[in-house]
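First the structure, in the form of structure tokens, and then the observations on it.
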Amino acid sequence: MKKQTREIVLSGMRPTGRLHLGHYHGVLRNWLKLQEEHDCFFFVADWHALTTEYATPESIRQSTREMVIDWLSVGLNPSKATFFIQSDIKEHAELYLLLSMITPLGWLERVPSYKDLQKELTQKDLSTHGFLGYPLLQTADIVLYNATKVPVGEDQVPHIELAREVVRRFNFIYGETLVEPQPLLTNSPKLLGPDRRKMSKSYNNCLYLGDSADEIRRKVSEAITDPARQRKSDPGNPDICLIFDYHKLHSPSDLQNRINEECRAAKIGCVEDKKRIIEILNDFLEPIRKEKARLLEKPQEIDLIIEEGEKKARQVAEATMERIRKVMKI
């Protein structure tokens with residue numbers, strides 16, 4: 001195996017709808033840093049999307065293309081990282097199948113998210129082989145590209161631990177072949193929507209990266225702030241204020257400090273503060289909107305980026321599978 005001068009990082013996102021500010025702060029902002037420091041493979045996890053969206057697959061293809069456009073719009077660079085679509089590289093399915101032959105069923109059943117998501121997504125029938133096995137498909141995604149680091153939040157660490165166990169078991173049976181990955185813990189702030197619930201398309205409460213200035217203005221103007229503050233003369237509590245959460249992610253520290261003091265002293269009202277954060281959010285989103293509009297007029301440019309990424313990913317995936325077939329003698 002060719003020695004790498006930089007560590008390999010792999011990460012993916014499920015194409016289940018338009019990307020919003022929660023995706024930016026939870027994933028994309030971290031990817032922007034990683035692409036400068038590592039050899040990164042970023043993929044659209046369309047097969048993973050099928051584990052929960054199998055009944056409505058028609059939206060996945062459109063969301064896949066929109067996702068790549070959003071990645072490019074925020075500054076992810078195909079000359080610095082490899083972008084590809086999971087289902088374009090059939091080796092993911094082959095390795096998933098081979099790893100399933102050696103993975104004990106109990107290892108999959110004990111992954112915390114298996115039962116947690118079943119409880120959370122009660123409107124969907126998730127009693128499927130695909131849903132049970134999706135952490136193993138993640139393992140195949142990771143080891144196929146010899147990834148040494150996988151950026152995850154703390155809730156995803158058990159998935160990487162499963163991958164490490166599977167790799168160790170494979171290497172014990174067939175000899176040292178697969179690279180054992182390590183979790184790369186990332187700070188993933190959970191951004192709330194204007195209704196104070198987790199920002200999610202299911203709740204129809206998202207501030208999308210592609211929202212117009214007027215849409216951002218309308219949504220933020222309707223946001224629920226400090227429930228205990230009824231009048232401007234009432235002292236506020238920024239610690240529980242949704243708008244201040246947005247400030248902490250988008251405003252300079254000196255402005256955050258001033259707002260914190262003025263709110264607690266009732267020197268600034270919620271309406272005034274909303275107007276301020278609306279301006280800040282729109283200033284942040286405007287370059288993204290412009291780049292997205294440009295890309296939408298250049299469909300061939302998107303096609304070429306996806307095609308080139310697929311070639312790079314396939315080259316690595318095929319080499320990995322050759323090693324695996326050889327040691328398994330198949």
Side-chain angles (χ1 to χ4, degrees), residues 11-32 42-78 81 83-87 117 120-121 123-124 153 188-223 242 245-246 249-250 277-278 280-299 301-303 305-306 309:
S11 190
M13 293 181 71
R14 289 161 32 110
T16 56
R18 292 190 292 159
L19 299 189
H20 51 68
L21 280 176
H23 293 120
Y24 178 82
H25 290 290
V27 179
L28 299 180
R29 187 173 63 174
N30 185 48
W31 284 11
L32 288 167
F42 299 139
F43 71 99
V44 182
D46 53 344
W47 278 342
H48 281 295
L50 280 172
T51 60
T52 56
E53 308 299 322
Y54 61 83
T56 55
E58 60 277 358
S59 64
I60 294 176
R61 177 55 62 180
Q62 179 62 31
S63 294
T64 292
R65 190 174 183 84
E66 290 179 355
M67 177 173 284
V68 174
I69 292 173
D70 280 339
W71 290 357
L72 296 167
S73 298
V74 302
L76 288 168
N77 191 333
F83 304 162
F84 67 95
I85 299 168
Q86 183 184 31
S87 62
L117 282 174
E120 181 180 335
L121 302 175
Q123 74 279 17
K124 299 178 184 289
S188 301
K190 292 201 169 37
L191 195 64
L192 299 180
D195 60 356
R196 298 181 64 85
R197 294 185 293 179
K198 177 183 176 182
M199 194 173 289
S200 168
K201 69 169 188 172
S202 301
Y203 297 143
N204 192 30
N205 67 348
C206 297
L207 303 179
Y208 290 106
L209 297 179
D211 275 348
S212 68
D214 286 342
E215 287 172 320
I216 293 296
R217 187 174 297 107
R218 176 184 60 80
K219 291 178 180 180
V220 176
S221 295
E222 297 172 354
L242 172 73
D245 287 342
Y246 295 170
L249 292 170
H250 289 276
I277 195 62
I278 286 168
I280 291 169
L281 289 176
N282 275 325
D283 285 346
F284 169 75
L285 290 171
E286 187 57 24
I288 298 174
R289 295 185 193 114
K290 288 182 177 179
E291 179 62 8
K292 186 168 185 175
R294 185 192 73 80
L295 290 167
L296 288 171
E297 294 179 355
K298 303 280 187 179
E301 182 177 333
I302 306 303
D303 292 340
I305 288 170
I306 293 174

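All of these numbers come straight from a predicted model, not from anything done at the bench. If you read the sequence from its start, that first residue is 1, and numbering goes on from there.
Salt bridge status for Lys298 with Asp303: absent, with no side-chain N to carboxylate O gap under 4.0 Å. Between Arg294 and Glu291 there is a salt bridge, since a side-chain N of the basic residue sits under 4.0 Å from a carboxylate O of the acidic one.
One distance of note links CG of Leu296 with CD1 of Ile69; it measures 4.5 Å at 0.5 Å rounding. Rounding to the nearest 0.5 Å gives a distance of 5.0 Å between CD1 of Ile302 and CG of Leu72. Distance CZ/Arg29 to NE2/His23: 14.5 Å, rounded to 0.5 Å. The OG1 atom of Thr16 sits 13.0 Å away from atom NE2 of His48, with the distance rounded to the nearest 0.5 Å. Distance CD1/Ile278 to CG/Asp283: 12.0 Å, rounded to 0.5 Å. Between the CG atom of Asp211 and the CD1 atom of Ile216 there is a distance of 4.5 Å, given to the nearest 0.5 Å.
Side chains of Pro57 and Leu50 form a contact here, defined as non-hydrogen atoms less than 4.5 Å apart. Asp70 is not listed as a side-chain neighbour of Met67, based on a closest heavy-atom distance of 4.5 Å or more. For the pair Leu295/Val68, no side-chain contact is recorded, criterion being any heavy-atom separation below 4.5 Å from C-beta on. Side-chain contact check for Leu191 versus Leu207: every heavy-atom pair is 4.5 Å or farther apart. Contact annotation: the side chain of Leu19 approaches that of Met13 to within less than 4.5 Å [non-hydrogen atoms, C-beta and beyond]. Considering only heavy atoms from C-beta on, Arg217 stays 4.5 Å or farther from Ser212 through its side chain. Phe83 is listed as a side-chain neighbour of Leu76, based on a closest heavy-atom distance under 4.5 Å. At a threshold of 4.5 Å between non-hydrogen side-chain atoms, the residues Leu209 and Arg289 do not count as touching.
Nearest heavy atom pair, residue Gly17 against residue Ser63, reads N-OG, 3.7 Å. What you find for Leu192 and Met199 is that their closest heavy atoms are O-CE, 3.4 Å.
For the ring-ring contact (aromatic ring centres under 6.0 Å, His included) test, residues two or more places apart in sequence or in another chain that qualify with Trp31 are Phe42, Trp71. Tyr24 meets the ring-ring contact (aromatic ring centres under 6.0 Å, His included) test with Phe284; sequence neighbours excluded.
Here the side chain of Tyr208 pairs no donor or acceptor atom with the backbone of Leu21 at under 3.5 angstrom. When atom types are taken as modelled, the side chain of Lys219 and the backbone of Cys206 share a donor-acceptor pair closer than 3.5 angstrom. The backbone N or O of Asn205 lies less than 3.5 Å from no partner atom in the side chain of Asp195, so there is not a single donor-acceptor pair. Glu66 places no side-chain N or O within donor-acceptor distance of the main-chain N or O of Arg18, the cut-off being under 3.5 Å.
Not less than 6.0 angstrom separates the ring centroid of His25 from the ring centroid of His20.
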(request) For the pair Thr52 and Arg14, evaluate side chain to side chain donor-acceptor pair (under 3.5 Å) and give the outcome as yes or no after the intermediate values. (result) CA-CA 10 Å; Thr52 56; Arg14 289 161 32 110; 2.7 Å; yes
(request) Let me see the working for Leu281 and Tyr246 under side-chain contact (heavy atoms from CB on, under 4.5 Å), right down to the final yes or no. (result) CA-CA 8 Å; Leu281 289 176; Tyr246 295 170; 4.3 Å; yes
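A donor-acceptor contact under 3.5 angstrom links the side chains of Ser87 and Asp46, judged on distance only.
Atom CD of Glu297 is surrounded by 12 or fewer heavy atoms from other residues, nucleotides or ligands within 6.0 Å.
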